[in-house]
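So the structure is just underneath, and the comments pick up after that.
Proteins come first, then strands; the chains are lettered A, B, ... in the order of their sequence lines, and each starts at number 1.
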Amino acid sequence: MSEKYIQLTIDGTPISVPAGTTILDAAKEADVEIPVLCYFAHTTANGLCRLCVVEVEGARMLQAACVVAAQDGAVVHTRSPKVERARRTLLEMLASTVDISESPELQALVAEYECFPERFEGGKKRQPVVIDDNPVYLRDYSQCVMCWRCVQVCADDAQFTYALNFSGRGFDTQIATFFDKPLTETTCVFCGNCIGVCPTGALKAKREYLIEQGVAPEQVLELTRLKGRKNRT
Amino acid sequence: MEEALSEIFLQFEGKREEIIPILQRVQENYTYLPEDSMRQIARFTKVPESDIYGVATFYAQFRFTPTGRNHICVCRGTACHVRGAPAILEEVAANVGLEDEGTTEDLEYTLETVACIGCCALAPAITYNEEVHGNLTKNKVRKLIKAEAGKNGSE
């Protein structure tokens with residue numbers, strides 16, 4: 001059985017892809033790069049960050065390339081003024097509310113799109129305190145961009161532990177555990193998947209953090225040892 | 001499991017889409033959502049605890065601390081605001097012994113502000129234990145709280 005192929009044009013390049021391919025994947029085929037933030041090859045795409053929006057001729061609104069399937073005969077522009085403006089505004093809002101100092105990819109995008117986050121100066125920033133409740137990793141949600149990847153790998157996309165999810169709403173949304181309990185009191189198994197998929201410095205291995213702080217290696221081991229193990233001499 | 005909780009669960013099938021009605025019923029019963037009930041709801045609906053917490057924290061209607069025996073909502077909608085809601089709020093707070101929104105230590109009063117209670121023609125308005133009182137003045141607020149406190153005392 002042969003797959004049905006469709007033809008479309010991305011930034012002037014004609015391309016043929018199997019029906020059902022997302023615009024993002026089709027663009028990859030056409031060697032056109034679309035910036036992404038929440039999209040991750042191994043988690044379910046949700047179109048949350050809207051950074052991958054593209055202009056499809058005839059469509060009423062910009063389309064999130066990571067979730068929208070390419071249509072036969074579509075003419076897609078990935079870097080039109082409308083697209084650039086949308087991405088710039090998004091990046092400016094992110095850069096003005098979230099600490100992106102440990103996110104080089106985001107910083108590069110802010111520079112590439114000639115963002116001016118200062119125009120939102122004086123606005124509220126997300127500045128929750130760093131959560132240090134276990135020997136494995138730290139959670140600094142002032143750096144969190146709400147990509148949802150940590151929640152996804154904690155749930156049906158990898159580990160099936162369901163320790164994390166969103167809490168709150170709007171500006172106060174934050175990744176949290178049940179009743180904001182310390183991770184050691186949740187279903188968390190410390191698999192580390194969430195740290196691995198975090199696109200910013202929000203989730204960081206405690207050892208990495210302590211070394212950055214200049215703590216001596218022997219002390220680092222002492223500080224990150226699980227309590228149960230200590231008794232087993 | 002507490003009897004009240006099992007009785008509430010009896011009226012549901014334990015489906016994911018029933019989470020919000022279940023949360024509402026549980027809150028009606030306890031005036032808030034106790035942690036243990038939240039765990040039981042997770043088990044009953046077979047939805048992770050973190051998800052239940054996510055749903056409950058999303059909606060302004062759900063709370064996690066007990067409320068007072070008397071529940072006062074001061075409307076801060078546009079109509080009430082222009083007709084003096086800030087002064088009404090101040091007056092209610094002063095009369096129940098609070099600085100701002102919150103619950104008194106003796107669990108007698110919970111004071112809340114809401115965006116609109118849907119009777120703009122009666123602005124400024126409040127609800128006192130779900131009963132609407134409109135066209136308020138500071139004086140009327142004082143009298144209302146006094147009268148209600150007297151009612152409670154005689155019961």
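The number of heavy-atom neighbours closer than 6.0 Å to CD of A/Gln213, taken from other residues, nucleotides and ligands shown, is above 12. In this structure, B/Gln11 places its CD atom where more than 12 heavy-atom neighbours from other residues, nucleotides or ligands lie under 6.0 Å away. By the neighbour-count criterion of 12 heavy atoms within 6.0 Å, atom CD of B/Glu130 is sparsely surrounded, having that number or fewer from other residues, nucleotides or ligands. Counting non-hydrogen atoms of other residues, nucleotides and ligands closer than 6.0 Å to CD of B/Glu99 gives a total of 12 or fewer. A 6.0 Å sphere centred on NZ of B/Lys146 holds no more than 12 heavy atoms belonging to other residues, nucleotides or ligands. The 12-atom threshold is not exceeded at CD of B/Glu105, counting heavy atoms of other residues, nucleotides or ligands nearer than 6.0 Å. Counting non-hydrogen atoms of neighbouring residues, nucleotides and ligands closer than 6.0 angstrom, the OH atom of A/Tyr209 reaches no more than 12 such neighbours. Remark: A/Glu118 CD is packed, more than 12 non-hydrogen atoms of other residues, nucleotides or ligands lying under 6.0 Å away.
For residues 37-56 of chain B, heavy-atom neighbours of chain A at less than 4.5 Å comprise B/Met38, B/Arg39, B/Pro48, B/Glu49, B/Ser50, B/Asp51, B/Tyr53, B/Gly54, sorted by residue number. Using non-hydrogen atoms only and a strict 4.5 Å limit, the part of residues 160-173 of chain A facing chain B consists of A/Tyr162, A/Ala163, A/Leu164, A/Asn165, A/Phe166, A/Ser167, A/Gly168, A/Arg169.
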